Amino acid sequence: MKSLQVVTPHMECIFNCPFCIAKGHIHNNSFVNNYLLNYDLWKNNLIKVINDNKDLKYVVITGTNEPMQSKKCVSDIIDVVRSIKEDIQIELQTRYYKQDRVFNKLDVVAYSISNIYLINKIKPLGKVIRYVIILTNSFNNYSLKDILDLIPGSVSQITFKKLISTNGINKEVDNYILNNSVNSDTLNKLKKDIELYNGNISIRLDMNCMDSNNRYKIFREDGLVYDNWDSY
């Protein structure tokens, strides 16, 4: 296992994005919060996972809500990982656009952006800055060059993400995605532009970010490791 997604405790999200993939699980994110209730178990299990996986290269701090709602947990995850293996790259996935000191402790700060007009709202911070572009219809008819022209020079990585349906688990989310996804012409042009791009920024297109198979495992707030997002 080269990559581990570490999930902060679930709570009502301050952003409540209408396309949120965390709303599309049959388990409804109902996991015991052992980070709060049994911290020693949570911490020791995280330590064991890191020690047992000598090939672990990446830890991604994420959440079923905004991870920065649990700033202490974010900081604790960083401290635990660093105390065991200093060369693991630690990334935070966030929509929290305010600058925060904890960002300086990370290797990568990945800012999630679902509207093209939000790009100018971010004052990016971090050793490595990634913009994660959620492909809503606000990006319709924008080329890769158009988007790159809006992005600060400090950004070195961009991931474009296609909206993912819940396949009927959450009809509101599926309805939003049906009516607000980027159009196929724009998506196809972005695919071609990304394939031909040879600039200094690392750019990729993720067509299914929920597919964990051979990509990563998930460490949840209960202190257990899961193979995919639907396991419980």
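Quick caveat: nothing in here was measured; it's all calculated off a predicted structure.
The 12-atom threshold is not exceeded at CD of Glu172, counting heavy atoms of other residues, nucleotides or ligands nearer than 6.0 Å. Remark: Asp52 CG is packed, more than 12 non-hydrogen atoms of other residues, nucleotides or ligands lying under 6.0 Å away.
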**Item:** Chi angles and distances behind the side chain to side chain donor-acceptor pair (under 3.5 Å) call for Tyr232, Asn29
**Value:** CA-CA 9 Å; Tyr232 64 100; Asn29 304 302; over 6 Å; no

**Asked** Where do Leu37 and Trp42 land on the side chain to side chain contact (heavy atoms under 4.5 Å, CB included) test, with the steps shown first?
**Response** CA-CA 9 Å; Leu37 299 175; Trp42 176 91; over 6 Å; no

**Request:** Take Gln157 and Ser202, measure what side chain to side chain donor-acceptor pair (under 3.5 Å) needs, and give me the verdict at the end.
**Result:** CA-CA 5 Å; Gln157 301 177 5; Ser202 173; 5.6 Å; no

**Asked** Does the side chain to side chain donor-acceptor pair (under 3.5 Å) test come out yes or no for Thr94 and Glu66, once each step is laid out?
**Response** CA-CA 6 Å; Thr94 184; Glu66 168 54 52; 2.7 Å; yes

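Within the structure, every pair that satisfies the side-chain hydrogen bond (donor to acceptor under 3.5 Å, both in side chains) test and touches residues 139-150, not counting sequence neighbours, is listed here: Asn140-Asn183, Ser143-Asp146, Lys145-Asp149.
Hydrophobic clustering (ILVMFWY, side-chain heavy atoms < 4.5 Å, transitive): Ile116 and Ile122 are in one cluster. Under a hydrophobic-cluster definition in which Ile, Leu, Val, Met, Phe, Trp and Tyr are linked whenever side-chain heavy atoms come within less than 4.5 Å, directly or via other members, Leu148 and Ile134 are assigned to different clusters. By the criterion of side-chain heavy atoms lying less than 4.5 angstrom apart, applied directly or through intervening Ile, Leu, Val, Met, Phe, Trp or Tyr residues, Ile203 is grouped together with Ile129 in one hydrophobic cluster. Side-chain heavy atoms closer than 4.5 Å link hydrophobic residues (I, L, V, M, F, W, Y) into clusters, and following such links, even through other members, never connects Val132 to Val7. By the rule that hydrophobic residues join a cluster once side-chain heavy atoms approach within less than 4.5 Å of another member, Phe139 and Phe160 end up as members of one cluster.
With values rounded to the nearest 0.5 angstrom, Leu150 atom CG is found 6.5 Å from Asn120 atom CG. Atom CD1 of residue Ile133 and atom CG of residue Leu205 lie 11.5 Å apart, to the nearest 0.5 angstrom. Between atom CG of residue Leu41 and atom NZ of residue Lys48 there is a gap of 12.0 Å, rounded to the nearest 0.5 Å. Interatomic distance, Lys127 NZ to Glu91 CD, rounded to the nearest 0.5 Å: 13.5 Å. To the nearest 0.5 Å, atom CD1 of residue Ile113 and atom OG of residue Ser138 are 10.0 Å apart. Rounded to the nearest 0.5 angstrom, Met68 CE and Ile61 CD1 are separated by 10.0 Å.
For the pair Asp206/Arg204, a side-chain contact is recorded, criterion being any heavy-atom separation below 4.5 Å from C-beta on. Under the 4.5 Å side-chain criterion, counting only non-hydrogen atoms from C-beta, Val182 is not in contact with Leu163. Side-chain contact check for Asn45 versus Phe219: some heavy-atom pair is nearer than 4.5 Å. In this structure, Thr159 and Arg130 have side chains that are in contact, with non-hydrogen atoms separated by less than 4.5 Å. Residues Lys162 and Asn208 fail the side-chain proximity criterion, which asks for heavy atoms closer than 4.5 Å. Val60 has its side chain out of reach of Tyr216: every pair of non-hydrogen atoms, C-beta onward, lies at least 4.5 Å apart. Counting only heavy atoms from C-beta outward, the side chains of Val74 and Leu92 approach each other to under 4.5 Å. Put simply, the side chain of Trp229 reaches to within 4.5 Å of the side chain of Ile218, judged on heavy atoms.
For the pair Ser112 (side chain) and Arg95 (backbone), a donor-acceptor distance under 3.5 Å is absent. At distances below 3.5 Å, at least one donor-acceptor pair connects side-chain atoms of Asn180 with backbone N or O atoms of Tyr176. Checking side-chain atoms of Gln69 against main-chain N and O of Ile14 turns up a donor-acceptor pair under 3.5 Å. The backbone N or O of Asn34 sits nowhere less than 3.5 Å from a side-chain atom of Glu221 that would complete a donor-acceptor pair. At least one donor-acceptor pair closer than 3.5 Å links the side chain of Ser181 to the backbone N or O of Ile177. Without hydrogens or angle criteria, Asn179 side chain to Asn175 main chain gives a donor-acceptor distance under 3.5 Å. A distance-only check finds no donor-acceptor pair linking the side chain of Asp100 to the backbone of Phe103 [under 3.5 Å].
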Identify every side-chain donor-acceptor pair in residues 78-90 under 3.5 Å, counting partners at least two apart or on other chains, and give the distances.
unit_1: Asp79; atom_1: OD1; unit_2: Lys105; atom_2: NZ; d: 3.1
unit_1: Arg82; atom_1: NH1; unit_2: Ile88; atom_2: O; d: 3.0
unit_1: Arg82; atom_1: NH2; unit_2: Lys105; atom_2: O; d: 3.3
unit_1: Arg82; atom_1: NH2; unit_2: Asp107; atom_2: OD2; d: 2.9
unit_1: Ser83; atom_1: OG; unit_2: Asp79; atom_2: O; d: 3.4
unit_1: Ser83; atom_1: OG; unit_2: Val80; atom_2: O; d: 2.7
unit_1: Lys85; atom_1: NZ; unit_2: Lys54; atom_2: O; d: 2.8
unit_1: Lys85; atom_1: NZ; unit_2: Leu56; atom_2: O; d: 3.3

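Using a 4.0 Å cut-off between charged nitrogen and carboxylate oxygen, Asp185 and Lys189 do not count as a salt-bridge pair.
Judged as a side-chain contact (heavy atoms from CB on, under 4.5 Å), and not counting sequence neighbours, the contacts of Asp40 are Asn38, Asn44. Partners of Ser165 under the side chain to side chain donor-acceptor pair (under 3.5 Å) rule, at least two apart in sequence or in another chain, are Asp174. Under the side-chain contact (heavy atoms from CB on, under 4.5 Å) criterion, Lys2 pairs with Asp55, sequence neighbours left out. For Tyr58, the ring pair (Phe, Tyr, Trp, His ring centres under 6.0 Å) criterion is met by no residue, not counting sequence neighbours.
Closest approach of Cys13 and Asn65 over heavy atoms only: CB-CB, 3.6 Å. Residues Pro67 and Thr62 approach most closely at CG-C, 3.6 Å, considering heavy atoms. Taking all atoms of both residues into account, the shortest heavy-atom contact from Thr166 to Gly24 is CG2-CA, 3.5 Å. Taking both residues in full, the closest heavy atoms of Val109 and Gly126 are given as CG2-CA, 4.0 Å, listed atom of the first, atom of the second, then distance.
Using the six-membered ring where Trp is involved, His27 and His25 have ring planes that are parallel, under 30° apart on the 30 and 60° scheme. The aromatic rings of Tyr111 and Tyr131 sit perpendicular to each other, their planes meeting at more than 60°, with 30° as the lower class boundary.
A donor atom on one side chain and an acceptor atom on the other are not found under 3.5 Å apart for Asp222 and Tyr35.
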